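Remember, predicted model here, so these are calculated numbers, not experimental data.
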Amino acid sequence: MTRYQDDLYEAVNGQWAETAVIPDDKPSTGGFADLADGVEKQLMADFDAVAAGTKPAPDRYFKEAVALYQMAKDFAKRDELGIKPVLKRLETLQQVNDLQAFNQQAATLDSQLFPLPFSAGVEPDMKDTAKNAYTLSGPSTILPDTTYYAEDNPQGKQLLGLWADMAKQILAQTSLSEADQAAYLADTEAFDAQIAKRVKSSEEWADYPKAYNPYDFADVAKKFGEFDFAAFVKATLPAHPETVIVADPRFLDEFSTLFNAETFTQYKHWAYVIELLSNTGYLSDELRKLGGTFSRALSGLPAAPTQAKHAYRLANSVFSEPIGIYYGKTYFGEAAKADVTSLVEKMIATYKRRLANSSWLSQATKDKAIVKLDTMVLKMGYPEQAKAVYDRLHVDTDTDLMNACLQIAEAKHAYNREQLTQPVNRGDWAMPGHLVNACYDPSRNDITFPAAILQAPFYALDQSDSQNLGGIGAVIAHEISHGFDNNGAQFDEFGNLSDWWLPADYDHFKGLTQAMIDQFDGLETEAGKVNGKLVVSENIADAGGLAAALETAQRLDDTDLKAFFINWAMVWRMKARKEYQQLLLSIDVHAPAKLRANVQVQNLDAWYDTFDVKPGDGMYLAPDKRITIW
């Protein structure tokens with residue numbers, strides 16, 4: 001049997017992993033996934049009860065969600081319609097024959113959510129988060145990251161082949177001739193390859209302050225070349241933005257070589273195929289399953305979700321916040337809410353002590369960091385009210401599923417554009433109450449703990465304080481730490497991108513950040529090597545969170561540090577398909593679960609004392625290699 005001193009994760013989770021079974025429609029099991037499965041099962045039962053009339057809908061939002069659920073489950077109607085709804089939709093795109101026509105129709109295509117050769121939207125201005133700004137970036141690639149397109153990446157070629165096989169089968173059901181089908185597919189792959197050369201990788205996106213690049217509107221319009229950006233903006237926004245935030249400057253610089261009169265046909269064929277494939281989930285059961293082939297291959301899933309699960313997940317994706325409010329009000333106890341809120345307050349107090357006692361921060365920077373902590377907003381459980389946009393969402397049961405969902409998506413899209421002239425609502429929640437997760441929003445300086453994560457093993461009223469601190473306590477402190485990771489540290493107490501550090505302190509912090517990158521970079525897993533730069537922000541948060549939770553546990557009268565560390569390892573319990581692990585290594589800013597459990601404890605002196613870890617043990621790390629940031 002594995003000893004804690006040699007491999008904490010295996011000692012805690014190894015026996016479980018031997019018998020754990022990953023569901024056919026899921027990429028992983030354990031920890032977060034098991035709790036999410038339980039939440040889904042509970043809510044599906046509630047949906048069925050409301051649909052059957054044995055339980056009243058708690059509000060009109062939930063009633064709309066159940067109506068969409070019932071539409072999505074009506075596969076008799078979906079199978080009867082087959083591919084017809086999306087072919088009818090694509091007629092609009094087919095009528096746009098050249099760039100001149102596209103310039104005239106671009107605003108309409110945007111409002112109807114057809115793929116454009118760029119992405120745009122409204123979100124808080126990073127340097128003045130009280131107001132919204134118009135932002136630009138490139139479109140998504142077919143493969144999950146630009147690194148898959150490298151010549152020496154065999155996985156990318158294999159996945160693109162799987163995607164092409166899927167696309168061929170779906171294109172064969174359209175009214176296009178065989179020659180056109182082949183041309184459309186070839187142009188789609190070619191245009192996608194050109195996009196991949198111009199957009200950021202996941203590693204680049206992980207440094208998100210670098211997505212803040214304000215440009216004068218006139219300069220952006222010039223870079224769009226033959227595309228009439230000024231006319232497009234005038235037709236799609238409620239006011240003229242003097243400034244545009246360009247998230248990916250390289251993409252903008254090269255846009256006119258991607259999209260012009262010569263490449264227009266290639267773009268149009270790309271847009272046709274991408275739009276066709278993106279709507280298969282609303283069509284017949286055959287097309288739903290066929291259209292999910294590529295995404296299942298990315299995660300190694302042997303089966304599509306059942307019709308009922310598919311229907312619930314679709315309704316949940318549209319009405320997530322109201323569903324989360326229902327879940328929180330129904331299943332989240334006030335005693336747990338009060339207890340965890342108290343724990344957050346304790347963790348912030350611990351953080352203040354740790355900042356005050358920091359050996360490398362100057363007093364001036366410490367003072368500003370503590371101000372940021374004092375200003376940090378806690379969002380616990382679920383919001384009291386759904387966002388205003390939900391008041392606009394109605395499920396049209398007189399049409400087909402695809403068009404009902406498109407109407408809702410168009411309403412959300414229009415609402416987003418309207419926000420350009422509205423102040424930022426700082427009360428908005430980043431996550432719904434039934435999501436098994438937590439987050440920190442640097443632009444709002446708030447931490448969100450949805451009700452669904454406040455369950456065992458993360459948290460339970462009948463677990464010991466030490467266990468809870470090793471679970472939810474470390475998660476809470478992790479989110480607090482994000483306010484001071486390599487990204488969050490660049491935002492002030494109001495959530496504005498701001499240089500509030502003394503230069504010497506920030507230089508020292510960058511050195512510690514590099515040490516954390518180096519500690520993880522190149523670590524081997526069964527799916528490949530870890531990219532230290534991609535995962536550094538989450539690793540800084542893990543390190544700070546675990547250290548703060550540990551210090552809080554050490555102050556307990558009945559502290560049990562063995563229980564603390566064991567529960568820390570248990571919450572990261574995960575058994576995942578190899579394909580899914582490979583995907584996460586490419587795009588996920590979190591380190592693999594086993595490394596999250598094992599590496600961070602090695603940085604803490606108390607780990608060695610608690611389990612008598614000595615040189616020669618698998619989990620021993622020399623003192624001069626241990627990293628402490630917060």
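Applying side-chain contact (heavy atoms from CB on, under 4.5 Å) to S537 and the options T513, D542, N486 leaves one that passes, N486.
The backbone N or O of P249 lies less than 3.5 Å from no partner atom in the side chain of N213, so there is not a single donor-acceptor pair. Between the side chain of N153 and the main chain of T147, a donor-acceptor pair closer than 3.5 Å is present. Looking at S119, its side chain does come within 3.5 Å of a backbone N or O of G138 through a donor-acceptor pair. Put simply, the side chain of S481 never gets that close to the backbone of I540: no donor and acceptor are under 3.5 Å apart. Of the possible donor and acceptor atoms, none in the side chain of D145 sits under 3.5 Å from a partner among the backbone N and O of I587. Side chain of N445 to backbone of K372: a donor-acceptor contact under 3.5 angstrom is found. A donor-acceptor contact shorter than 3.5 Å is absent between the side chain of N567 and the backbone of L469. A distance-only check finds a donor-acceptor pair linking the side chain of E204 to the backbone of S201 [under 3.5 Å]. With R354 contributing its side chain and W630 its backbone, the two residues share a donor-acceptor pair below 3.5 Å. Panel note: side chain Y415, backbone E410; no donor-acceptor pair is recorded below 3.5 Å.
Within 6.0 Å of NZ in K223 there are more than 12 heavy atoms belonging to other residues, nucleotides or ligands. Counting non-hydrogen atoms of neighbouring residues, nucleotides and ligands closer than 6.0 angstrom, the NZ atom of K412 exceeds 12 such neighbours. Within a 6.0 Å sphere centred on NZ of K127, other residues, nucleotides and ligands contribute 12 heavy atoms or fewer. Counting heavy atoms of neighbouring residues, nucleotides and ligands inside a 6.0 Å radius, atom NZ of K533 does not exceed 12 of them. In R555, the CZ atom is not crowded: 12 or fewer heavy atoms of neighbouring residues, nucleotides or ligands sit closer than 6.0 Å.
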Between V424 and R444, is the side chain to side chain contact (heavy atoms under 4.5 Å, CB included) condition met? List the steps.
CA-CA 10 Å; V424 172; R444 285 181 168 86; 3.6 Å; yes
Determine whether M574 and R596 satisfy the following criterion, side chain to side chain contact (heavy atoms under 4.5 Å, CB included), listing intermediate values before the conclusion.
CA-CA 11 Å; M574 180 181 183; R596 296 184 78 174; over 6 Å; no
Quick one: do V233 and Y134 satisfy side chain to side chain contact (heavy atoms under 4.5 Å, CB included)? Show the steps, please.
CA-CA 10 Å; V233 166; Y134 189 55; 4.0 Å; yes
Evaluation steps, side chain to side chain contact (heavy atoms under 4.5 Å, CB included), between Q600 and W607:
CA-CA 10 Å; Q600 297 300 350; W607 156 252; over 6 Å; no
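Of the inter-residue distances, the one linking S28 atom OG with R573 atom CZ reads 13.5 Å to the nearest 0.5 angstrom. Separating the OG1 atom in T243 from the CG atom in D216 is a distance of 6.0 Å, to the nearest 0.5 Å. Here the CD atom belonging to Q519 is positioned 10.0 Å from the CG atom belonging to L595, to the nearest 0.5 angstrom. For the atom pair CD1 of I195 and CD1 of I142, the computed distance is 8.0 Å after rounding to the nearest 0.5 Å. How far NE2 of H482 is from CD of E538: 3.5 Å, rounded to the nearest 0.5 Å. Here the CG atom belonging to L454 is positioned 8.5 Å from the CZ atom belonging to F449, to the nearest 0.5 angstrom.
Using cut-offs of 30° and 60° on the angle between ring planes, the pair Y327 and H434 is tilted. Ring pair W360/F509 is parallel by interplanar angle, where below 30° counts as parallel and above 60° as perpendicular. The aromatic rings of F227 and F259 lie perpendicular to each other, with more than 60° between the two planes, well past the 30° mark.
Take Y149 and apply the ring-ring contact (aromatic ring centres under 6.0 Å, His included) test, not counting sequence neighbours, and it matches no residue.
When side chains are defined from C-beta on, W205 does not count as touching V589, because their heavy atoms never get closer than 4.5 Å. Two residues are said to be in side-chain contact when any heavy atoms from C-beta on lie closer than 4.5 Å; K352 and D374 meet this criterion. Using a 4.5 Å cut-off on side-chain heavy atoms (C-beta onward), V220 and L252 make contact. At least one side-chain heavy atom of P383 sits less than 4.5 Å from a side-chain heavy atom of I325. Side-chain contact between Y61 and D391 is present, with at least one heavy-atom pair separated by less than 4.5 Å. Taking 4.5 Å as the limit, some side-chain heavy atom of Y608 sits within range of a side-chain heavy atom of L621. In this structure, W429 and C439 have side chains that are not in contact, with every pair of non-hydrogen atoms separated by 4.5 Å or more. Using a 4.5 Å heavy-atom threshold, the side chains of F32 and F458 count as touching.
Between D192 and T141 the shortest heavy-atom distance is OD1-CA, 3.3 Å. A133 and I245 get closest at one heavy-atom pair: CB-CG1, 3.8 Å. Nearest heavy atom pair, residue S443 against residue F491, reads OG-CE2, 4.2 Å. Shortest non-hydrogen contact noted between L502 and A364 is CD1-CB, 4.0 Å. Heavy atoms only, all atoms of each residue included: S137 and A247 are closest at CB-CB, 4.0 Å. S320 approaches Y390 most closely through the heavy-atom pair OG-OH, 3.8 Å.
Centroid-to-centroid, the aromatic rings of F232 and F118 come within less than 6.0 Å. The aromatic ring centroids of F217 and F229 lie less than 6.0 Å from each other.
Checked for salt-bridge contact, K366 and D505 miss the test: no charged N lies under 4.0 Å from a carboxylate O. In summary, R426 and D446 do not engage in a salt bridge, as defined by a charged side-chain N under 4.0 Å from a carboxylate O.
Residue pairs meeting the salt bridge (Lys or Arg N to Asp or Glu O under 4.0 Å) criterion with at least one member in residues 480-489, sequence neighbours excluded, do not occur.
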Please set out all donor-acceptor pairs under 3.5 angstrom arising from side-chain atoms of residues 339-349, sequence neighbours excluded.
unit_1: D339; atom_1: OD2; unit_2: Y459; atom_2: OH; d: 2.6
unit_1: T341; atom_1: OG1; unit_2: K337; atom_2: O; d: 2.7

